[in-house]
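Input: a single structure, listed below in structure tokens.
Residue numbers start from 1 in every chain, and the chains themselves are labelled A, B, ... in the order their sequence lines are given, proteins ahead of strands.
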Amino acid sequence: MSTTEIDRQWTTRLRRRAAGKLPPEKLLPDTQPAYVSSWIYVFGVTTLAALVVVIVSGCILALEGPQWWHSSNIGHFVNSTHLWSVEIFFFAMIVHLWGKFFMGAWRGGRTLTWMTGCVTFFASILAGFTGYVSQTNFDSQWISTQSKDGINATGGGSFFNVLNLGQMLMWHIVILPIAAIALTGMHVLLVRIKGVVPPFEKDTEIAR
Amino acid sequence: MSKKAFRPDVDAPEWRGGYSPYDIIKEGTIAIVIVGLLTILLATFFGSPDERAITMKIWSNADPIDFAQTAISEMNGSSTTAGYGAPYNTASDGVQLGPLKIAKFMGVTIPINTVKDFIINPLKSWPNQPALNQDLATWSSASSSTQSGWVADYTKAAPNLKFVNGHIVAQTTNAGPVPALIDDLTQMAQSGALDQALVTGNGFYTTNYTKPLMFLADSGYLANLADKQHLTGSQWGMMNETGQYPGQAWLWLYTFWYQIPPFTTSSNADILVFAVMAVLSMALLFLPLIPGLRSIPRKSRVYRLIWREHYQG
């Protein structure tokens, strides 16, 4: 096999491209710019940590099925951890979002980083919502019967039926977690590729 | 070739300052441990709400009059479901966004005939009821105008229904088999058999609760319970859950629009609010590309608090 042939392989080209964009020292850095020293940076990693706890607690709930938590004290406790990790996740994510907004974090070719963050936020809202309507209790009855009107108003109720428990549960435990994890992964990789946005130039708001 | 001008809201200055040590793995591990412990702490002290689901059995035993009145509203077409429109039926155009009848675009994809699906078919599935079978036969053999006349007669009596000795009593004059059908449906619901009949329409296995939920949502009973739990629309209910829990607090903006005019009075509020939120969401998504909006961070100078040390240096 010639060197040229190897060079043309999809695998070779992908590996070289990935290594060029994201060398190990960028993927797992051991230093960071001195300006990354505010408390606001905590909320990005807190969001990621909360997502891990959400997934772990959700997986434990999935082991026993959607109604386990109604009849088991352990199940109810695991459900409580799922709920509170979701609350922490959204709190941290929203503070992170506002922090990045006031940093103008899209500057310097970071538009896609901002956009993947926003889409992750939207997907997470949908994931949270499908969780609420999959609880198989009074909350899910009320939330689903009320929210159907908003979705039906868009014509979307025809293929996203919030009153169909099976469909909502599948969205909640398969489709949306995959989307949220994939989007979060893309977002984090983009942060590593592009780095953390530097501060505005001093007095730039006056000069321009 | 001239160098492109620096745009402060689009371009970022190259960092020429120093670097400090950063252990990303250690940071991530510590974050997971702290968030995990905080979650366990919150779960231990506050738990999570779990109000049991309302069944037809619970509803019809707690408020048989409301159940019977809802049942007749399904027969006379005055219930929310009966008059809903797409995706359940063609009874109305649904909400509109200006001239656009968006709700109708997909047509009737989840068909619900409230008379057949909520009343007649469940009653037909109730075994060993010879008198009921006779009433159902009378109903089925009547013309639609006769059926309508019977239902109209019962509808007049519906506001004054009574529940006496375990039966729904209506002061009707010419309602045919309707009083018996409504009473039988109430009996069936009170026994628990209606819950099963409504969900097993598609066979033994099902995970689709559309029909029982639509029937239940037509009742006054469910709404009263929700009102006590501060869950109705005017109570910012979209973001709440039962008990004193944060709920979906992140939906506050979506819920907010439902609290103010013109959305509070518009019959098209659902699509109007959705449209507003769609525009705002797109603005957030494409914010880096929108002149003016993308300048807010720089002009607000909040970043000086975030990078305080940098600007003090």
Contacting region of [X] [heavy-atom separation from chain B under 4.5 Å]:
{"X": "L165(A)", "result": "both"}
{"X": "L97(A)", "result": "side chain"}
{"X": "V197(A)", "result": "both"}
{"X": "Y35(A)", "result": "both"}
{"X": "F122(A)", "result": "side chain"}
{"X": "V45(A)", "result": "both"}
{"X": "Q146(A)", "result": "neither"}
{"X": "S140(A)", "result": "neither"}

Is it the side chain or the backbone of [X] that comes within 4.5 Å of chain A heavy atoms, both, or neither?
{"X": "S300(B)", "value": "side chain"}
{"X": "L41(B)", "value": "neither"}
{"X": "T80(B)", "value": "neither"}
{"X": "R52(B)", "value": "backbone"}
{"X": "P49(B)", "value": "both"}
{"X": "D11(B)", "value": "backbone"}
{"X": "F274(B)", "value": "side chain"}
{"X": "L285(B)", "value": "both"}
{"X": "L225(B)", "value": "both"}
{"X": "S281(B)", "value": "both"}
{"X": "S295(B)", "value": "neither"}

**Request:** Identify, with sequence neighbours excluded, every residue that meets ring pair (Phe, Tyr, Trp, His ring centres under 6.0 Å) alongside Y41(A).
**Result:** none
**Request:** Please answer whether the main-chain N or O of D50(B) pairs with a side-chain N or O of H70(A) as donor and acceptor at a distance below 3.5 Å.
**Result:** no
**Message:** Could you check whether any side-chain N or O of W84(A) sits under 3.5 Å from a backbone N or O of G47(B), counting only pairs where one atom can act as donor and the other as acceptor?
**Reply:** yes
**Asked** Counting only heavy atoms not in Q244(B), do more than 12 sit closer than 6.0 Å to its CD atom?
**Response** no
**Greatest number of heavy atom pairs closer than 4.5 Å to chain B - which of T154(A), T136(A), N164(A), I40(A)** = N164(A)
**Complete:** Closest non-hydrogen atoms of W250(B) and I94(A), given as atom of the first, atom of the second and distance, are CB-CD1, 3.8 Å
**Request:** For chain A, find its close neighbours in residues 88-95 of chain B: heavy-atom separation under 4.5 Å, sorted by number, or none.
**Result:** Y88(B), V95(B)
**Asked** Under 3.5 Å, is there a donor-acceptor pair linking the side chains of E241(B) and Y132(A)?
**Response** yes
